Amino acid sequence: MALVIAQVIVDVSTAAIDRPFDYHVPAQLESFIHPGIRVHIPFGPRKVQGFVISTSDETELDEKKLKPIESVVDIEPVLTAEMLELGKWLKDDTLCFYNDTLQVMIPAALRANYTKLVKVENASVLSEPFQNLLSKDLEVDFASLEKQHLIQELKVHLDTGNATIETRIRQKAKPKLQTVYHVIDASIELSGQAKKQQQVVDWILETNSKSFTIVDIQKHVQVATPVLDALVEKKILKKSKQEVYREIELLADTSIDKVVTLTEAQKEVLETINRAQQNQKSETFLLHGITGSGKTEIYLHAIEEALALGKEAIMLVPEIALTPQMVTRFKMRFGNQVAVMHSGLSVGEKYDEWRKIHRREVRVVVGARSAIFAPFENVGLLILDEEHESSYKQEDSPRYHAREVAKWRAQFANCPVILGSATPSIESYARAKKGVYILLELPSRANAKALPPVDLIDMREQLKGGNRSMFSMELIDAIRDRLAKKEQIVLFLNKRGFSSFVLCRDCGTTVQCPNCDISLTYHRMGEALRCHYCGYEELVPTQCPHCESEHIRFFGTGTQKVEEEITKLFPEARTLRMDVDTTRTKGAHERILHHFGQRQADILLGTQMIAKGLDFPEVTLVGVLNADTSLHLADFRAAEKTFQLITQVSGRAGRHEKKGHVIVQTYDPEHYALVNAQTHDYLGFYTQEMQMRKAYQYPPFYYLTHIQISHPEVITTADYAGKTAEWLRENLSQSTAVIGPTASAISRIQERYRYQCMIKYKREPNLTTALHQLLKLSRTQWEKQGVRISIDLHPSTIV
DNA sequence: AGCACGCCGACT
DNA sequence: GTCGGCGTGCTC
């Protein structure tokens, strides 16, 4: 009999371990071991989990060196063959380890949790605190012993063999189980005293039930589990556990899905896409359609085509656009054929949605970034709505971009990708112009409504005129007018790169985070100051920590402050505020929008999260309070982001019968990003922005790679950043520019100073090889000094 | 990443 | 004399 060997990627993310390890497959496991199955394996002195990536009947190693696989974690593979391939590509594309890319493709619930567990033979010889920690099967967590300073004592018992240590591998969530009662024999006689039990039996006979849950019966008979258990005891019922999915709450809004007849323009676009689907062509379409042009309707029809062809579809939307409105629309169209994945779900809920996909119970997935890894095996269509959104890029390792993953999967599956947006990213539009993508345009609104007029209000003029509030006279008048007409208003506060902080008016001190070089952000809730980078939190001081002055107060324009001013200006208006503070709890997001949709408020005030996807017929005024904050970021995409933002919010006004109006307040009304947003001129903006990108040598004319060096001491950081730049200049071609090192915009995060280098290049065939060498150099020589290096091959924001 | 093996200072 | 510090090197 052939010797069976499995190649395993071990769940340890380190360079030295980043390769397959061979394991012997014991005979009794042979039929279970397939690529994509996870296994428990001994690794050195410990036990870990790993992914089987392939099997074979030979090994290059000495056979006797192989250890056997201990057990399988899964019955069915959690990763398809495609995923194993995708992971291999993705690790090279993002410069991370194979294990990282495989882990990112499975739901968090399945990722292993390792705990060291101490088992004791004889508890009576232990000290009292030690005994108190033990569970009833004489086990205790190693970490809790450490906390109680019982390691010394443990060592003694490890030596005598009275205690042993083992690693326990746990999963974060399990399938939810529900108790089901099955009827065995309802004809058994009950004693006259058992009234409740009799009621149950009567109900069973009446409805002729074969099985039911406690929830089912409680709708008709008031019973608790003891009664049912008594019936189980009498062999009338039998109890069993059954897997159920966690129910995801949806505030149903049936008005959303009306069957729409497509316009000629929509039909044409759809036909082009469907042709690619039918011909199994892996093409990338850039669907450029202005807000309200009916892109979603095209997605829905294209998905229908995919389903008709017997294929599956994945649709990505940015996190904040994954509104209940959007989800409901999909649920109404595709019923229980859809799984939904977004960050609002608990780990368990995400796991359940993932299992629906895994078991092929659904054929459509709507979700945020990570839904691109939906384990379908017969994908026919991939869609990224709002393709320009930065949330498609994961900002920590593996730093993947969902757009690139989508294109890879499309090529693998021979199917099209649709990138849709009203304001495509400059890179994507440039690619479409070059013919790399196929450009599809929807230049007018589906209901032929004109885009709303946009007024740019120069806030400098307001200031000159003596108006020091954050509302211009024009905006105040417009709000007053809409309130009188009982129409709704959306006010948008641009908070990108902006937050409220505490400032001492006497000495000018701002309260800084002790770990990061950044001002703490003021949160009214709990009167706390929080660091947005490390989570540090403290109470708002009543005295300046520097000069002890009591004239310390928070500054900056938070949504709460705007809300106060609205109340002052318009006492009669009902305002809903939507920001990180009011949407922290589960479902809060949905509730606020639902209330606004039900017209329980006149004004919806919010940040980024209200910029997208909202469609309320009564909204006729959109106000942008401060267009500038995103304009002056130290980021080459600042203008692009501002243009996109203003265009997106403007699209919220007057989508239906009533005419809309947009007021944008700014200190820089001549800026091309704002002027082009005012005239709804994407092409105009694109043309000017491309000139800037060309002049300053930014993407899409040049590629960028961002390298960050960090260390607890500033001198060491600067020193190694210099070494990095020097090394890059020596090892990259002449035409490639290495910029820096410079201190990062946030010079310290979590007690580590940060310096960065930027590589600008047009063609650098050896880039990844060189970067691998740099990483190796850093690992072997710099890491000992505590220097950390992180590389982002295609940075989307530069902070 | 862990964990063991291995070589030099302060203690019963 | 031993206990224990953390440097180095390996994990199929």
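Values in this document were obtained by computation on a predicted structure and should not be read as measured data. Below, read A as the first sequence line, B as the second, and so on, with proteins coming before strands; counting in each chain starts at 1.
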(Q) Under 4.0 Å, heavy atoms only, any strand: does Leu66(A) hit a base, just the sugar-phosphate, or nothing? (A)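 Since only primed, P, OP1 and OP2 atoms lie under 4.0 Å of Leu66(A), the category is sugar-phosphate.
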Q. Which part of the nucleic acid, if any, lies within reach of Lys116(A) when heavy atoms closer than 4.0 Å are counted: base, sugar-phosphate only, or nothing?
A.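 Answer is sugar-phosphate: Lys116(A) comes under 4.0 Å of backbone atoms only.
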Q. Is there a donor-acceptor pair closer than 3.5 Å between any side-chain N or O of Asp137(A) and the backbone N or O of Glu139(A)?
A.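 Looks like no, no N/O pair under 3.5 Å.
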Q: Taking Glu404(A) for its side chain and His401(A) for its backbone only, find out whether a donor-acceptor pair lies under 3.5 Å.
A: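 The answer is no, because no donor-acceptor pair under 3.5 Å joins these two groups.
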Under 3.5 Å, is there a donor-acceptor pair linking the side chains of [X] and [Y]?
| X | Y | value |
| --- | --- | --- |
| Tyr703(A) | Glu764(A) | no |
| Ser54(A) | Gln7(A) | yes |
| His711(A) | Gln785(A) | no |
| Gln708(A) | Arg754(A) | yes |

Filtered N/O pairs between nucleotides 2-11 of chain C and protein, under 3.5 Å:
unit_1, atom_1, unit_2, atom_2, d
dT11(C), O3', Gly44(A), N, 3.0

Q: Using the heavy-atom set of chain A and a strict 4.0 Å cut-off, write down the first and last nucleotide of DNA chain B that makes it in, 5' to 3'.
A: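 Endpoints of the contacted stretch of DNA chain B: dA1(B) to dC3(B).
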**Q.** Close aromatic pair by centroid cut-off 6.0 Å: Phe636(A) and Tyr702(A)
**A.**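 That pair fails the under 6.0 Å test.
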Q: Determine the sole option in Tyr392(A), Trp89(A), Phe373(A) for which the ring-ring contact (aromatic ring centres under 6.0 Å, His included) test with Tyr400(A) is passed.
A: Phe373(A)
